[in-house]
Each structure stands twice: as structure tokens, then as C-alpha cells.
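We're numbering straight along the sequence, starting at 1.
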Amino acid sequence: MAIVCASCHNKPKEVANIKTATTKEAKPKNLNKISSYAEATQKLSTTEKIGQLFMPAAYINDTEEEIVKLEQLIREQNIGALCFFKSRISAAANYDAKNKNDTLSLSKLKSLIKRYQKAAKYPLLIAIDAEWGLAMRVDNTPQYPYAITLGAMQNKDALIYEVGKNIAKDCREAGIHWNLAPVVDINNNPNNPVIGYRSYGENKELVTKNAIAFVNGMQNQGIISCLKHFPGHGDTATDSHIGLPVINKSKEALLANELYPFQQLINNGVESVMIGHLAVPALTEEKNTPTTLSKKTIKGLLRGEMNFNNVVISDALNMKSVSKLYPVKGELEWIAFDAGNDVLCFAENPKEGIATILKNATKQQIEESFKRVWQLKEKAMNIVISPSKSYYTAKSLNTKLATESLTVVKGNNNTISNFKSDGFVGIEITNNKENPFFYTVKEELKFTSYNTTKTTISKIKEAVKTEENVVIALYPPSIKPKNNFGISNNELELLTNLMTTKNVILYVFGNPYVLTKLDTSNAKNVIVAYQNFPVFQENAAEHFLNKVDAKGKLSVSIN
């Protein structure tokens, strides 16, 4: 059953710089055809069926030795799925650093998928986290804005549909079937260390509407979607990669808010849901049991009360919030399966896990999960894509998204006009030597600017002593709130000093939550551009030059 959203069926009337689909694009590449469940259930042994439930991690930048090991594991244990990450280091840290010199990542990914598929007795289901595009895991591939940026757009479901469609097309062409997205967590905690920018916002209706549009876009290209992180990771201040977050809310409160987007998309037939590693006593009825390992949460609430009948996938089982609970190999995999997870993501002990499940599980348990997983494979691999008339290029789509999301948090155009007539100095707080924002403004206006990578902070302070008007372009080094989004203490002190003593217009090219770390009470204007992509910077420059309006609105509260 397809997810339906009326606004998503209305494609944008103006599609600039589009790529026209060719007839060849009608048939997916690298999607091995797969037999029906009716045939498979007779053909596969019980042990093979259990193997189909395991999704170990695969790494694009792995050594040949490790690649051969994974091929052997796939053959010997009849592994059913793989989830791709860039490298072992990035997966452990839940962060993929950009490597501009690695231009072969996509070709490596495609090559590895083919190798691993060749090693598999039964076609593998290939998954990846591509919340904002393959760029989340694969260098030098198209990147689209974070969910918090899309959440700032006003009634632009059709554009979010196109984002989902573009991301899905990139996945499909790489040989990926399953995008572990979108995040439908409602981010109502500004100190959230792991969700934040990955959420569409703090309003349940906004999150739901945008998630529906994104899922519809992915379904257009035959890519399986996944809601995460059930029952809602938004109101936490702990990173579940490191520790176990605790949510002390009543079940009624959760049903009214955090669980609302999940229920709405479940009602419309979403294909899979990922369970987060969260301690929610109101749901688990136990103080420190992770929801991933809770029968009451998965079988009772999600399957029973919320009527979800499709695939349940665990969050990564290597995460310390659960992995440290079960030191005996195979035990965690069994507990997670017994709790109701059909797919065991990032299972580190498949061999022992398969053996333990075989020993403890009933045939009915195994068959029910196998059926759901195999039917998901059927849907993903046997689909034929109708050729789309057109696709946005990544640049043209990002340009539209930049135009619709730019947000004025404070101030008006009068201040900007005064700056342009009275004169101003520009300061870039950045890790990059070159940024398009001031460069674009300088095409029309003459002014002096300073960049913190080229000029020391002490020299900047001295240089602007006699200036009255300052335009600050802030590029937070990190998208996550840890260590003040990567902004140094000296840079924070400079920002505070300038906003206390000068007339300041601040443009932010990053997570808007960075404003919670700054005292902007004296700033004349605060504008959030969200992304540091060139087209977002160029649009912000056009705003300063009074050529475009800021159409967006913050989807989260900044206090």
C-alpha cells in the first residue's frame, strides 16, 4: 500500500536544469531477481532462514583481507542483508569525515555490492543510511540538505518529494535497495546530541507531513524506506551510540506526540521501522531495558496496538547502549530477535547469533520474521521502475531548497540597507579559506573582510576597533552540539565581543541550534542559511543584496 499525500502528487511546475530520464533507466541495475516467498520457504533450510535475518556492516574502504572475510561469512552463514558504511573508524564514531580526494568511493561501493552479491547464495538486501543523500556515507556523491533545513520550508512538500526521489535514484543506480530513512523523531530537546539536525523539527504535524513526502519520493524510484528511531529519540540528551538515553514520559504523552508520526506512516503502509536503543519505562515496564530488546514495546505496542505488520529492524547492535549488556557472543542477537526484531542490523556475531536463535527460537518465530524479510526483498528486487519524465539535478534542486529555507530569526531589511549605505566590515568565522558568501557580495559592494583561517583573532579585533557595522558569516565546524559545535573559545569570545560592542548582522551557515550557544540579544539581524553549500551561500548573499526574500521559518525553538 503506497503512502499518499495529496500535495506530493503535484510535481513542481517549474523544473530548472533537469535531467531527462532515458528508457534504460526504466529497469533497475544490480537488483537481482528473487524467487517468491512460497518457493523460498520450501527451498531454504531453517538455518538459512535465520541467516536471512542478519545484516552485518560492510565498509567501502575496507582492506582486501576484510572483504574476503565478509564474502566468506556471506557464503557460510547465508547472510541476508548488508548495511554499508564508509569505514570502520567512521562507523564506530557514527561520523563520516569528508575526503575530497577520494573520488572512487561510489565506484568502490558498486564494485563491492557486485562482489558480495556474487558470494551470496540468495540475493542480498543492500541498505545504507542516506538521510541527506549517499553523501552521508559515500564521498563525492550528491548531498542534499539536512532534515532541519527542509523543515524550515513553508508548504513545500513537493520539493521534499523530489529530494526523496533524487536520493532514491542515486541509491538504486548504486545497487542499494533500502534507505534507512527518514528520521521521524520529533526534536523537542535542543541539547539532543545525536538527532537535532536530522529531525524535520519539533512539531509532530510538520514532521509527519515532510516524512510522508520524502517516503513518497523514494517509493517513486522503488526504494524501501525505514522510519527511525521508534519510539522517538528526539527528547533525549544522551547519544545512544555511547550510553542508554532515558525518556521518562507517560505512554499517553508519547502516543500524543513522539509516536504520532510513526502511527500516521504505519497507517499508510510504510515498509519498515527501526527500533532505537532507548530506555522508556512507560513502554517497557522496566527501568533500564532498551526498547530494542523489549517485547512489550515491539510485539505489544508497535505490532499489537499500532498494528504494524511489516519489517522491524533493530538499530545497530554494536552500539554500546546494548552491546555492553551481553558479553556472551550470540546472546544479544537472540534477545533482540526474541523481542521482535526481524532484521538484526550491525550484528557483530552472526555465526554465534544464528546458532543461538536456532537453539532457542520456535519454528513459528523464525518463519514469521523470514516471511516478512523475504517479502521485503521481493518488493525491492522484483520492482520495475516506470521512467520518470524528469529529474532535478542536485544543484538545481539544492538551489530551490536554499531559496525556500533561508530564515530571518531577527531583524528586517532596513538594517541591511543602512549597512550598505553607511559601510561595514565582514568577518568569516570558518575553517575554510574561501567561502562564496562574501565573494558574491563583493561582486556588487566594496568592503573589507577578514577570515579566521587567514587572520588571527587578535588582529581581527584590532582591525575592526573603529568600525561600527559588522557582517558576520558563521560557519560552525560541526553540525553536532558537542564542544559548542566545534567553535573555539576564542571564536566564541570574538562573537560575544562583536555583538556587544558593534552593530552586527549575523548569517549562520550551519545548525540553527548554534544560536543557543550565543547571546544574540544585541544583534541587529540574525539570518539562518542552514547549509554551507555554495548555492546556499550564494542565495544568502542575494538576500543581503536585497534581491531575494527569506521565505523559511525555524522548525525548532531557539531560546
Side-chain angles (χ1 to χ4, degrees), residues 12-18 132-133 135 142-160 162-163 166 197 200-201 210 392-417 419-420 424 426-430 432 434-445 447 449 451 471-476 479 504-515 523-556 558:
K13 293 181 180 178
E14 296 179 10
V15 182
N17 299 319
I18 56 174
W132 53 87
Q143 181 175 351
Y144 298 93
Y146 301 123
I148 199 168
T149 309
L150 301 179
M153 299 193 301
Q154 301 300 293
N155 301 314
K156 295 297 174 183
D157 303 10
L159 282 179
I160 296 176
E162 295 296 335
V163 173
N166 268 28
Y197 65 100
Y200 291 111
N210 290 347
Y392 277 97
T393 63
K395 183 178 180 180
S396 65
L397 182 51
N398 277 329
T399 300
K400 277 191 170 289
L401 299 170
T403 302
E404 297 296 335
S405 59
L406 186 71
T407 301
V408 172
V409 177
K410 181 181 182 181
N412 55 51
N413 288 340
N414 292 337
T415 306
I416 296 175
S417 298
F419 268 48
K420 288 189 289 188
F424 63 93
I427 298 175
E428 294 174 306
I429 297 178
T430 178
N432 298 318
E434 303 295 334
N435 295 297
F437 176 63
F438 279 147
Y439 180 84
T440 305
V441 175
K442 283 181 177 179
E443 290 178 351
E444 296 197 18
L445 299 175
F447 64 98
S449 65
N451 180 306
V471 177
I472 301 174
L474 175 61
Y475 302 83
I479 196 70
V504 167
I505 294 174
L506 173 65
Y507 280 85
V508 177
F509 299 96
N511 191 332
Y513 276 122
V514 75
L515 295 174
K524 299 297 182 184
N525 287 47
V526 177
I527 301 101
V528 178
Y530 302 95
Q531 310 288 151
N532 63 5
F533 304 172
V535 293
F536 278 76
Q537 294 193 50
E538 289 158 7
N539 183 68
E542 296 285 287
H543 174 263
F544 184 79
L545 294 169
N546 203 28
K547 293 184 177 180
V548 300
D549 294 326
K551 301 177 182 178
K553 183 180 178 182
L554 284 177
S555 64
V556 294
I558 304 292

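- No side-chain heavy atom of N451 sits under 4.5 Å from any side-chain heavy atom of F438.
- Residues V409 and L554 are in side-chain contact: their nearest non-hydrogen atoms beyond the backbone lie under 4.5 Å apart.
- Residues P145 and N398 are in side-chain contact: their nearest non-hydrogen atoms beyond the backbone lie under 4.5 Å apart.
- Using a 4.5 Å heavy-atom cutoff, the side chains of T415 and I505 are in contact.
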Using residues 146-156 as the side-chain source, report each donor-acceptor pair under 3.5 Å to any protein atom, sequence neighbours left out, with the distance given to one decimal.
unit_1, atom_1, unit_2, atom_2, d
T149, OG1, Q531, OE1, 2.7
Q154, NE2, A152, O, 3.0
N155, OD1, K209, NZ, 3.4

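- Shortest non-hydrogen contact noted between V408 and A550 is CG2-CB, 3.5 Å.
- The distance from the NZ atom of K410 to the CG atom of L515 is 10.5 Å, given to the nearest 0.5 Å.
- Distance check: E162 CD to D157 CG gives 12.0 Å after rounding to the nearest 0.5 Å.
- Closest non-hydrogen pair, F447 versus G426, comes out as CD1-N, 4.0 Å.
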Subject >> side-chain contact (heavy atoms from CB on, under 4.5 Å) between V548 and N539, worked out >> reply: CA-CA 8 Å; V548 300; N539 183 68; 3.7 Å; yes
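- Under the 6.0 Å cut-off for aromatic ring centres, F544 and F424 qualify, their centroids lying closer than that.
- A donor and an acceptor atom, one from each side chain of N166 and Y392, are nowhere located under 3.5 Å apart.
- The aromatic rings of H543 and Y507 stand perpendicular to each other, their planes meeting at an angle above 60°, with 30° marking the opposite boundary.
- For the pair L474 and L506, the minimum side-chain heavy-atom distance is below 4.5 Å.
- Remark: the backbone N or O of Y200 is not paired with any side-chain donor or acceptor of N210 at under 3.5 angstrom.
- Less than 6.0 angstrom separates the ring centroid of F509 from the ring centroid of F437.
- A heavy-atom distance below 4.5 Å is found between the side chains of P512 and Y530.
- Residues T399 and S396 bring no donor and acceptor atom of their side chains to less than 3.5 Å of each other.
- Judged by distance alone, the side chains of K551 and T407 never bring a donor and an acceptor atom under 3.5 Å apart.
- Aromatic pair Y197/Y513: centroids not less than 6.0 angstrom apart.
- L401 CG to I160 CD1: the interatomic distance, rounded to the nearest 0.5 Å, is 8.0 Å.
- Distance alone, capped at 3.5 Å, places no donor-acceptor pair between the N525 side chain and the N413 backbone.
- The closest side-chain heavy-atom distance from F536 to P436 is not below 4.5 Å.
- A 4.5 Å side-chain heavy-atom check between Q537 and T440 finds every atom pair outside the cut-off.
- Considering all non-hydrogen atoms of both residues, V528 and L406 come closest at O-CD1, 3.6 Å.
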**OP:** Walk me through it: do Y439 and E434 pass the test side-chain contact (heavy atoms from CB on, under 4.5 Å)?
**Re:** CA-CA 8 Å; Y439 180 84; E434 303 295 334; 5.8 Å; no
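- The number of heavy-atom neighbours closer than 6.0 Å to NZ of K553, taken from other residues, nucleotides and ligands shown, is 12 or below.
- Closest approach of A135 and Q143 over heavy atoms only: CB-CB, 3.5 Å.
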Original post:
Taking it one step at a time, do F419 and V471 satisfy side-chain contact (heavy atoms from CB on, under 4.5 Å)?
Top reply: CA-CA 9 Å; F419 268 48; V471 177; 3.8 Å; yes
